[in-house]
Amino acid sequence: MNYIEYLQKEKNMYLNDQQLSAVSHDRGPGLVLSTAGSGKTTVITARTGKLIYDGSLDTERILTITFSKLAALEMEERFKRLFPDAPRSTAYFSTIHSFAYRIVRDYFNKTGKNLELLNSNFEMLKGIMMKTYSENNIFNIGTDEIENLSSKISYVKNMRIEKSEFSSLGFNIKDFEKLFTEYENKKREKNMIDFDDMLSYCEKLLSHYKATADKFKSYYKYIQVDEAQDLSIIQRDIINLVSNGNLFMVGDDDQSIYSFRGSNPKILLEFKDIYKEGQIYHLDKNYRCDGYIVDRVGRFIEKNNKRYEKNIRADREKDRDITVKSFSTRRQQTDYIIKKIRENPEMETAILYRYNISSILIAEALRNETTRFYIKEDRNKYFNSKVLKDIISFFSLSVNPRDRESFSNIYYKGKTYFTREMNQFVASGQGTVFDDLARYPHLDKLKRINIKNFKWDLGHISKESPEAALDYIRFDMGYEDYLNRLEKDGRISYSSMFLDLEITKEICRNSNTVFEFMENVEYLKDLLRNAKKDNDANVTLSSIHSTKGLEFDRVFLIDNNFGEFPLEKRNQSKEEYDEYLEEERRVFYVGMTRARNNLEILHSELPSMFISEIIRDKGSEIIRGLKKGMTVKHKKLGKGTIVDIDDETLVFRGKRKKNHTLSMDLLLEKNLIEIVEEN
């Protein structure tokens, strides 16, 4: 029997026509454009089996590259379940970093060189930043600044960007080129490489030593790449160097959401330019999501310009439409989610967000409900953020005037204009911070006034509620101006600090005193850390980026607020912003397509532009179905009848027989009307 009959009879696996076409690809370059929920993993494992079953392999092997260790293991296990009799050495599944490290390690072992792998570069970068910035009298470096630098170094290596191009990147990191050079020198001195160096060294070895590249070309007859939209430039080059032309890539340009790591959808978009004889296959049918969700996400993502045109369609019927809800505060949004979970606690539920900081209030509320939940990543930078540490320092000094450590952290972060020498004088003092400041020699009149005002300000916030105290620190004590200076100096973006402030304010609202606020912060930190262990809970909290490949019965997509998702971006050209906006749209698309049956998109305060588009899309369906004489319900005017209708206006007659002329654009934008029945 042929392979397709074998799959159907022996494995109960039935492929649709598009999948069959992709699985049948043999030699030469191939690209499978696989939309969300269309069975890309099925295609990769089935094609691997076909190459073996049809006897296309002799001593050669198939290499399948993935982008996470978990994905490689899952794909390997799935292949073994489908084809338990296949020779174990024939199909090899690996991450790109593991594959590169294997090549680099073997080379250095043969040459007798010893390189140590730097598992975390945090401490090294911290030391370099502190040394470099101290030369400019900057002595306090935030965790978020160090992590931002690490991310940008990874980006330039994955994109193979030369130092001469650094100034044009718009990173807004003070002295980036100097920091980068110091980091490279420090690793070289210690004979260390980081994870991105694995790729750089591997690419250089394969480029300079033809015999090494030829060995892999002859060893792996076929190379497959899963999630090909996540390839960076250097990863693509490594794969090309070990490929003999039989390259099979599976991906979705609409799900390319890792540009901060160097991934680039252009690699897929330029496939036919790079591989002239390549074949492109389409997997357009979504088997995962409700028909309503598929229709909505298809129209939503097609607003991007730089993408392949696709005919995204649903395998499932339309049952439950997307729900969009508005709330006045994040706390109300949280209360709504808790209520919905309480109604059906057994439903598999995911609460997804753009930034990890959004998990904090939800986690707190779920724990208060004694609801078990799993948080997919323990990388919440909020608890190490500059903003939180600063606010805690203001609060601590306001209730403990001898807290010299807190004073040392904030003495220059407002309208005080205190000097480093004044801080050193206070650090060696014995009394309160304010008494020591008053004893500082050579005080002029302005400094005495500033000391008096500083003492009064801290006394004032000690008597206020935490929320009012936070606002006073931001707007009256000059902390907001300090944050703007940080952005101007290339230290960190204001948009990320704004989110930290927003969550801090929500925790303040739930705290009666500054002591309670600080207790709540510690409680939440432990809560999120412990929730990472509860991976069999029905409720999952995760950033959208960490849910690629996952699916859930119900999804709440939260914090879709104006200016937050997408963020407002400063100092960007139109071209840069358009590129950013297209990726943010792809992130939102990935979030929506995680839901199988129930998708609720929520926002507090003003809705994001993406929510406005979804609302208009829903409203346009209703508008197209409206006819004269039809009974409808208006959200504010109640039930009534359509007296007249054209492209611009609708005449609505309510219960009191009064006619209202309504704008069709407004009805569409606000989704104000629904059909009750037809006469």
Side-chain angles (χ1 to χ4, degrees), residues 33 35-36 148 151-152 155 158-159 168-172 229-233 251-270 296-310 312 322 324 352-358 487 492-499 502 543-548 557-594 599 601-618 620 668-669:
L33 293 170
T35 192
N148 186 39
S151 175
K152 296 303 186 291
Y155 176 83
N158 273 275
M159 295 295 288
S168 64
L169 295 174
F171 280 168
N172 201 29
Q229 76 277 353
D230 295 335
L231 283 171
S232 67
I233 300 297
D252 182 5
D253 51 306
D254 289 333
Q255 296 187 68
S256 179
I257 61 173
Y258 294 107
S259 66
F260 60 90
R261 293 200 309 225
S263 69
N264 195 329
K266 289 182 181 178
I267 292 172
L268 296 191
L269 296 173
E270 297 172 355
R296 301 255 180 255
V297 299
R299 287 192 289 272
F300 175 80
I301 196 62
E302 70 183 11
K303 291 181 174 65
N304 272 358
N305 294 315
K306 297 177 181 178
R307 63 185 291 270
Y308 282 104
E309 186 176 343
K310 305 178 184 74
I312 301 175
I322 293 174
V324 179
L352 306 184
Y353 31 79
R354 176 63 178 84
Y355 301 100
N356 284 313
I357 195 170
S358 293
E487 181 177 61
I492 197 166
S493 69
Y494 178 81
S495 55
S496 65
M497 294 184 285
F498 172 77
L499 291 176
E502 286 292 291
S543 69
I544 297 171
H545 280 87
S546 292
T547 59
K548 286 282 293 291
L557 197 54
I558 68 170
D559 284 353
N560 298 287
N561 302 324
F562 181 80
E564 289 185 33
F565 185 13
L567 284 171
E568 287 186 286
K569 288 283 186 175
R570 305 182 183 186
N571 305 319
Q572 277 193 331
S573 67
K574 183 180 184 305
E575 183 180 355
E576 289 171 333
Y577 182 74
D578 287 346
E579 189 170 319
Y580 162 78
L581 188 61
E582 290 218 347
E583 177 155 358
E584 290 299 285
R585 184 180 297 280
R586 294 193 295 265
V587 174
F588 196 81
Y589 168 81
V590 168
M592 290 193 292
T593 54
R594 299 312 93 192
L599 173 60
I601 304 175
L602 314 179
H603 68 95
S604 55
E605 304 166 3
L606 293 174
S608 72
M609 63 176 293
F610 294 155
I611 281 193
S612 296
E613 288 178 14
I614 296 293
I615 291 173
R616 286 184 67 86
D617 181 61
K618 292 183 70 174
S620 64
L668 183 63
E669 182 177 348

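Note: hydrogens, waters and symmetry copies are ignored here, and every other heavy atom, side chains too, is used. No experiment lies behind these values; they were computed from the predicted model shown.
- Taking the six-membered ring wherever Trp is involved, the centroid distance between the rings of Tyr353 and His545 does not fall below 6.0 Å.
- The CG atom of Asp617 lies 8.0 Å from the CD1 atom of Ile322; values are rounded to the nearest 0.5 Å.
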Please report the C-alpha distance between Ile267 and Ile233 in whole Å, then the side-chain angles of each, then the deciding distance to 0.1 Å, and finally whether the side chain to side chain contact (heavy atoms under 4.5 Å, CB included) criterion is met. CA-CA 8 Å; Ile267 292 172; Ile233 300 297; 4.3 Å; yes

Might you work through the side chain to side chain contact (heavy atoms under 4.5 Å, CB included) test for Arg594 and Leu352, ending with a clear yes or no? CA-CA 9 Å; Arg594 299 312 93 192; Leu352 306 184; 3.8 Å; yes

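- For Asp230, the salt bridge (charged side-chain N to carboxylate O under 4.0 Å, His left out) criterion is met by Lys548, not counting sequence neighbours.
- Under the 30°/60° scheme for interplanar angles, the aromatic rings of Phe565 and Phe610 are found to stand perpendicular.
- Atoms CD1 and CZ, from Ile301 and Arg296 in turn, are 16.0 Å apart once rounded to the nearest 0.5 Å.
- The closest side-chain heavy-atom distance from Glu502 to Ile357 is not below 4.5 Å.
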Decide side chain to side chain contact (heavy atoms under 4.5 Å, CB included) for Met592 and Ile614; before the verdict, give the C-alpha distance in whole Å, the side-chain angles of both, and the deciding distance to 0.1 Å. CA-CA 11 Å; Met592 290 193 292; Ile614 296 293; 4.0 Å; yes

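- Once rounded to the nearest 0.5 Å, the distance linking OG1 of Thr593 with CG of Leu599 reads 9.5 Å.
- The two atoms that bring Glu582 and Asn305 nearest to each other are OE2-N, 2.7 Å, heavy atoms only.
- Under the salt bridge (charged side-chain N to carboxylate O under 4.0 Å, His left out) criterion, Glu605 pairs with no residue, sequence neighbours left out.
- For CZ of Phe562, the number of neighbouring non-hydrogen atoms (other residues, nucleotides, ligands) closer than 6.0 Å is 12 at most.
- In this structure, Arg261 is positioned above the aromatic face of Tyr258, its NZ or CZ under 6.0 Å from the six-membered ring centre and within 45° of the axis.
- Between Glu613 and Arg585 there is a salt bridge, since at least one side-chain N of the basic residue sits less than 4.0 Å from a carboxylate O of the acidic one.
- In plain terms, the two heavy atoms of Asn560 and Leu602 that are nearest each other are ND2-O, 3.0 Å.
- Salt-bridge annotation for Arg586 and Asp254: absent, with no side-chain N of the basic residue lying under 4.0 Å from a carboxylate O of the acidic one.
- One finds the OG atom of Ser358 at 7.0 Å from the CG atom of Leu499 (value rounded to the nearest 0.5 Å).
- Between Phe300 and Phe588, the ring center distance clears the sub-6.0 Å criterion.
- Of all the heavy atoms in Tyr308 and Asp253, the pair that sits closest is N-OD2, 2.9 Å.
- Closest approach of Leu581 and Pro566 over heavy atoms only: CD1-CG, 3.7 Å.
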Step by step, would you call Arg307 with Asn304 a side chain to side chain contact (heavy atoms under 4.5 Å, CB included)? CA-CA 7 Å; Arg307 63 185 291 270; Asn304 272 358; 3.8 Å; yes

Full working for side chain to side chain donor-acceptor pair (under 3.5 Å) between Asn561 and Ser604: CA-CA 6 Å; Asn561 302 324; Ser604 55; 3.3 Å; yes

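- Considering only residues two or more places apart in sequence or on other chains, Arg354 meets the salt bridge (charged side-chain N to carboxylate O under 4.0 Å, His left out) condition with Glu584.
- The CG atom of Asn264 lies 8.5 Å from the OG atom of Ser259; values are rounded to the nearest 0.5 Å.
- Atom CD in Glu302 sits 8.0 Å away from atom CD1 in Ile312 (nearest 0.5 Å).
- Ser263 and Tyr155 share no side-chain donor-acceptor pair at under 3.5 Å.
- Residues Tyr589 and Ile257 fail the side-chain proximity criterion, which asks for heavy atoms closer than 4.5 Å.
- The minimum heavy-atom distance linking Met159 with Gly262 is given by the pair SD-O, 3.1 Å.
- Heavy atoms only, all atoms of each residue included: Ile544 and Val590 are closest at CG2-CG1, 3.9 Å.
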